[in-house]
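Here the structure is laid out as structure tokens; the discussion comes afterwards.
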Amino acid sequence: MSRTKSGLRPTTTGWLGRVAVVLAASVLISGTAKAQDASPSVAQRAPLPALRVVDPGFIDTTANACVDFFQFAVGNWLRTDSIPAAYSTTGVGKDMTDRNELVVRSVLADATARRDSTPPQSTEHKLGTFYATCMDSSRAEADGLAPIQPLLDSIASVASRRALLREIAALQVRGVDALFNFYPNPAPHDAAHYVAWLAQGGLGMPDRDYYTNKRSTADSVRQRYVDHVAALLTLAGESQSAAQQDARRIMTLETELARSSLTRVALRSPSATDHPMSVVRLRLLASAVDWPSYFRDVGVSAPVGHVNVAEPEFYRRVSALLQGTPLPTWRAYLRYHVIARAARWLSTPFVREDFAFRSRFTGAKELLPRWKRCLRETDADLGDALGEAYVARAFSPDGKSRARAVIDGVREAFRARLERLTWMSDSTKARALEKLARMHEKVGFPDHWRDYTRLEVAEGPFVSNVFRAKAFEWDRTINRPGAPVDTTEWDMTVPTVNAYYSPSKNEMVFPAGALVPQTFDVGADDGANYGSLAGSWAGHELTHGFDDEGRHYDAAGNLRDWWTPADAQRFQTQADRVVHQFDGYVQVDSVHVNGRLTLGENIADYGGLLTGYDALERALERRGRPQLIDGFTPEQRYFLSFAQSFRESTRPEALRTRVMTDPHSPARWRVNGPISNSPAFAKAFGCKPGDPMVRPQELVPDIW
Ligand SMILES: [Zn+2]
């Protein structure tokens, strides 16, 4: 599901919400890697064992499939595998990412080694330089604060509200979280064109709820944040007492922003962020900002007539805060956010403080090796340059065509399910079928690669290259409002182990990095591939087009109510069953899953399971039933594959963070939740009414 309204720059969360967490952990990485890390031979020296779509070795044969299927399917793996110290989670996402990262590292090592022979303006040269300057930890140590001193000096010179706004604009362009978010996004009611979006933002903790919630542990989290802000300011040269005072003021300011920010649950309703307005009205809403000047400062070249203000209340508050908060507090706030953005690339004391704070949310015990951090930053900033080389080394046309065949099978199966639905009227059904027919799919890699001609990459310091890359991306897109939406663009990079559905483009996207074992194997049986690729990937993404959020968008991606009121009511009744089901599961300790936050993903998992199963049955009819494999029928392998595709073990700290920030449920419930609703599962494993994995019929949701 594309999430362009979370107060972030447009991002996506797809099937593997957990990978986002794996990647988020990339900020926790070491500043002390050895130079040999860059050697291309490392990848060859340390081959990783092959992954299988269904691995019988993961099965816990002592567990009862009808009592706890997750335990049955991966229990042996859970017993024998442990989470590496530098990670918050391990399992499918990490295993596949590890393998993709070895390919990416070989690309980067080659680009680095060939720098003397490639033209300085070539993309390969830039790629090599970007990565090499990142790996140069001794330079980071020697430079200290110097790379960001010009930005800090500029902030220190802010002496008026006008200069303050100019400074905020300049920092936003460089990717610093300064006060709010501005970016082009498809217009809610005209998805074929971009409009300028203004969204909430400006916080240093992972969610607004950390500032406002009243849980017993909340105060200590807030105190730790104040200490962290003070620690970074002290490292940057402030006296301890001044830094403490600034940190408390920053906390007060951010708490005001948090209080006027929408919760993640509220953000799930597309109408909550649908507020198109003229700039004249925007000036009335937030009069402390001289908007035409702001637009000019961030590089918009044509006059802006209309914007979509995702959270008007937030902007009202921003305006009041701009007027009422003293300039020294604003300077401290901006200083902190610049340091926080850069800390992971500065010298060891900054890296350590950054890690220590973030590990509170992830549970990671140590920093990742520097090469992984550098690789991930390169992927984030020069993704297409990497993707092109990745595809050449690691993606076969065979894989693409077989994956497409499976995905097409899922479409067919979903269409048949739609036609059979009994709770939906014919008129709504006709529109649902139209939406399905017009849903696009992208598989593997983009048709066009991004042009990096205008990106400048210098010999260092690395943090300056990061700021340049963010500014390059900003300049590339900021003048889009009013222009037709680029339908060829991808929101995930090619080596990414994830997939997504975009409601405004009405399309599913499967990067090449996701179409490898464990989730997909050209040589595997249908039972295995359909359980994983079809069930938990393609069927999942497709169902997002019809979940509690996606259903509000029509076939063209416009926010438009195409449901009869009675059908919408019936959908709601069934969706509430899903909410209730997941509210009943424990996330960690005594904290329960948030059924409303995870509703869309849970509907998608359930729809994916049912649709993928139907697609398997059709494939078996077409292609014939194979013999038992490892003693299992194709149907049993389907459910094993589905369950193993969620193989994951996560630290409690990360589970606590995710219950507030992640729309996905924990792995065990992503498996046992939908599977316990499936009669086909009960049949395949001979489970009886009353077994824990067979939910009473009156509680089972009937949606897609
Ligand atoms: Zn999803």
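Atoms within each ligand, like the ligands themselves, are counted from 1 in listed order. Here the structure is a predicted model, which means the values were calculated and not measured. We number each residue from 1, following the sequence as shown.
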### Query
What do the steps show when you test Arg596 against Asp576 for salt bridge (Lys or Arg N to Asp or Glu O under 4.0 Å), and what is the final call?
CA-CA 9 Å; Arg596 297 228 167 259; Asp576 285 345; 3.6 Å; yes
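- Figure legend: cation-pi geometry between Lys400 and Phe395 absent, as NZ or CZ is not positioned both under 6.0 Å from the six-membered ring centre and within 45° of its axis.
- Of all the N, O or S atoms in Glu601, the one closest to the Zn ion (ligand 1) is OE1.
- Under the 4.0 Å criterion applied to side-chain N and carboxylate O atoms, Arg411 and Glu441 are assigned as salt-bridge partners.
- Because the distance cut-off is set at 2.8 Å, Asp605 fails to qualify as a neighbour of the Zn ion (ligand 1), as none of its N, O or S atoms comes that close.
- Taking 2.8 Å as the threshold, His544 counts as a candidate ligand of the Zn ion (ligand 1), since one of its N, O or S atoms lies below it.
- Relative orientation of the Phe69 and Phe681 rings is perpendicular, given thresholds of 30° and 60° on the angle between their planes.
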